[in-house]
Amino acid sequence: MKKRIYLCLAHMSGREMEFIQDAFDTNWVVPMGPNVNGFEEDLEKFINRREGATPLKKSVVGLSAGTAAVHLALLACGVGRGDEVIVQSFTFCASSHPVTYLGATPVFVDSEPETWNMDPDLLDEAICDRIAKTGRKPKAIVPVALYGMPYRIDRIMEVAARYDIPVVEDAAEGFGSRYRGQMLGTFGKYGVLSFNGNKMITTSGGGALVCETAADKNKILFYATQARESYPYYQHEQIGYNYRMSNICAGIGRGQMTVVDEHIAHHKHVQELYCEWLAGVPGIEMHTNPDADCDANFWLCTATLAPELRIKGQDEAYARVVAGAVGGAASVTHAAATPTTDCQPNANVEALRVALDAAGIEARPLWKPMHRQPVYASAPSYVNGVSERLFSMGICLPAGPCVSDDDVRYIVSQIKAAVEA
């Protein structure tokens, strides 16, 4: 039986156990510790690199998750109850849920068609309208590097500067992606990184926050360690959180950092293979770097299916409620009430997902836009139809370091076999 091919699984470097064993040998089996410090230093060296320019001097704080990084960044930006935060609609819920943790309201902004990320013109329109409607400007802006594709950060920063609003870059999917030679996560006031088990590198679970200054880093460290004051006993004058990365997880991360450039190169190689081997299939288009400014890591390789493309079995798509987890979402515990919703991928996308699943290949739809999620039905949104159109047409294909050339060849063969003649 052929192995199952997953979207993106971590691949070990061989050095992870060296750092983990040191943590056990020195009894640093707790949050914080030498591995955390070392991992933060490795990350700083990596993200501060710039092509043909002097390195940056950004600081990094290791945290328990990328979601925790979003939460603390917004907290440090002064977001609180009754405030509004501009968030890219085309994203995973970790970009927006922390806004609600703080009692604030997410204001969703749609995408521009080239990068699939936040539309800078629509962002400007949204800010003007929120000021007109509420008398207050949003407290932060959260663009997202969808599937590793860089956002138009130069234009987003121009808009943000005009209104003096801090930018929190959600680069969780964009670790190692660059815009004009500079790493994502280093342009804004804060930058969010993720090291979940399916990211470019992993700490099994974990994240980090990129900070502009040492003072910003100290502020984040304070909130991430339960906001403890400097007394010989536990004194708390503000609410803090238990968000620090563990020394064990950081040991995995230190091992992963020895192969990060190899991982990024492999993802780009897989993307090139898909582009080459699917080029002759009418109705299937890979999403690629739109211009020389964007240098995506291709965390996942994504494609769109033309509505007129026919996939075998698509007349039976959505015929029954899905049983169990889909797309690697192993934590799914709620059974769906109906097989369909009022906003879902086209039948040919679902039929291709099912066909690939039957062939032992994990694929999944694109992220469902947040402004179409029932939980955010009452949230303000500024839309242009781009994210909904892409969601209806798009699919994610495997791209991780465990995906070989032969795997890509097999995936492409199964896609071609699923297309009706």
Side-chain angles (χ1 to χ4, degrees), residues 66-112 115-146 150-172 174 179 184-192 209-212 216 219-220 223 367 369-373 375-387:
T67 309
V70 178
H71 187 188
L72 293 187
L74 294 175
L75 181 68
C77 288
V79 176
R81 189 164 300 280
D83 290 330
E84 292 186 342
V85 174
I86 301 280
V87 182
Q88 182 170 310
S89 182
F90 206 11
T91 184
F92 179 56
C93 64
S95 306
S96 55
H97 282 2
V99 177
T100 66
Y101 299 167
L102 293 166
T105 299
V107 176
F108 295 113
V109 169
D110 215 327
S111 298
E112 46 103 10
T115 68
W116 298 6
N117 294 320
M118 184 179 285
D119 184 325
D121 294 328
L122 202 53
L123 167 65
D124 197 351
E125 178 184 322
I127 295 171
C128 287
D129 192 57
R130 297 323 295 167
I131 293 172
K133 283 186 166 71
T134 69
R136 296 189 300 162
K137 65 185 180 183
K139 294 296 283 285
I141 299 167
V142 186
V144 180
L146 198 73
Y151 24 68
R152 300 293 186 187
I153 191 62
D154 54 344
R155 296 187 58 205
I156 290 171
M157 292 299 290
E158 287 172 8
V159 174
R162 197 180 316 139
Y163 296 97
D164 192 26
I165 301 174
V167 172
V168 176
E169 296 178 68
D170 186 343
Y179 187 79
L184 298 190
T186 64
F187 292 87
K189 176 69 174 176
Y190 294 102
V192 174
L209 192 62
V210 181
C211 305
E212 276 192 319
D216 291 332
K219 179 189 291 187
I220 297 300
Y223 287 125
W367 298 124
M370 288 295 110
H371 73 270
R372 294 306 305 268
Q373 295 286 359
V375 72
Y376 288 122
S378 61
S381 60
Y382 296 81
V383 300
N384 54 18
V386 170
S387 63

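Within 6.0 Å of NZ in K137 there are more than 12 heavy atoms belonging to other residues, nucleotides or ligands. A 6.0 Å sphere centred on CZ of R81 holds no more than 12 heavy atoms belonging to other residues, nucleotides or ligands.
In this structure, CZ in R155 is found 7.0 Å from CG in D119, a value given to the nearest 0.5 Å. In this structure, NZ on K189 lies 14.0 Å from CD1 on I141, to the nearest 0.5 angstrom. Between D124 atom CG and D129 atom CG the span is 11.5 Å, to the nearest 0.5 Å. Between the CZ atom of F108 and the CE atom of M118 there is a distance of 10.0 Å, given to the nearest 0.5 Å. Rounding to the nearest 0.5 Å gives a distance of 12.5 Å between OG of S381 and CE of M370. The CD atom of E158 sits 11.5 Å away from atom CG of L123, with the distance rounded to the nearest 0.5 Å.
Residues S95 and V144 come closest through the heavy atom pair OG-CG2, 3.6 Å. Of all non-hydrogen atoms in P120 and I156, the two that sit nearest each other are CG-CG1, 4.3 Å. Closest heavy-atom contact between V99 and P106: CG1-N, 3.6 Å. Nearest heavy-atom pair, D83 versus G78, reported as atom, atom and distance to 0.1 Å: OD2-O, 3.5 Å. In plain terms, the two heavy atoms of P380 and E84 that are nearest each other are CG-OE2, 4.4 Å. Scanning both residues, V109 and A126, for their nearest heavy atoms gives CG2-CB, 3.8 Å.
Judged purely by atom type and a 3.5 angstrom limit, T115 uses its side chain to pair as donor or acceptor with the backbone of N117. Side chain of E169 to backbone of G185: a donor-acceptor contact under 3.5 angstrom is found. Formation of a donor-acceptor pair under 3.5 Å by the Q88 side chain with backbone atoms of S111 is not found in this model.
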Report task. Decide yes or no on side chain to side chain contact (heavy atoms under 4.5 Å, CB included) for Y151 and L184, but give the supporting numbers first. Result -> CA-CA 9 Å; Y151 24 68; L184 298 190; 3.9 Å; yes

Report task. Report the C-alpha separation of L72 and K219 in whole Å, then their side-chain angles, then the decisive distance to 0.1 Å, and conclude whether the side chain to side chain contact (heavy atoms under 4.5 Å, CB included) test is met. Result -> CA-CA 9 Å; L72 293 187; K219 179 189 291 187; over 6 Å; no

Requested in this report: Run the numbers on R162 and I127 for side chain to side chain contact (heavy atoms under 4.5 Å, CB included), then give the verdict.
Outcome: CA-CA 11 Å; R162 197 180 316 139; I127 295 171; over 6 Å; no

Requested in this report: Show your reasoning for whether side chain to side chain contact (heavy atoms under 4.5 Å, CB included) applies to Y382 and R130.
Outcome: CA-CA 10 Å; Y382 296 81; R130 297 323 295 167; 3.0 Å; yes

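A perpendicular orientation is assigned to the rings of Y179 and F187, their planes being inclined by more than 60° (bins at 30° and 60°). Aromatic ring pairs are classed by plane angle as parallel below 30°, tilted from 30° to 60° and perpendicular above 60°; the pair H97 and Y376 is tilted.
Between Y163 and I131 there is a side-chain heavy-atom pair separated by less than 4.5 Å. Side-chain contact between I86 and V142: absent, with no pair of heavy atoms (C-beta onward) separated by less than 4.5 Å. Put simply, the side chain of V168 reaches to within 4.5 Å of the side chain of C77, judged on heavy atoms. With contacts defined as side-chain heavy-atom distances shorter than 4.5 Å, the pair H71/L102 qualifies.
Checking D110 against S89 by side-chain atom types alone, no donor-acceptor pair falls below 3.5 Å.
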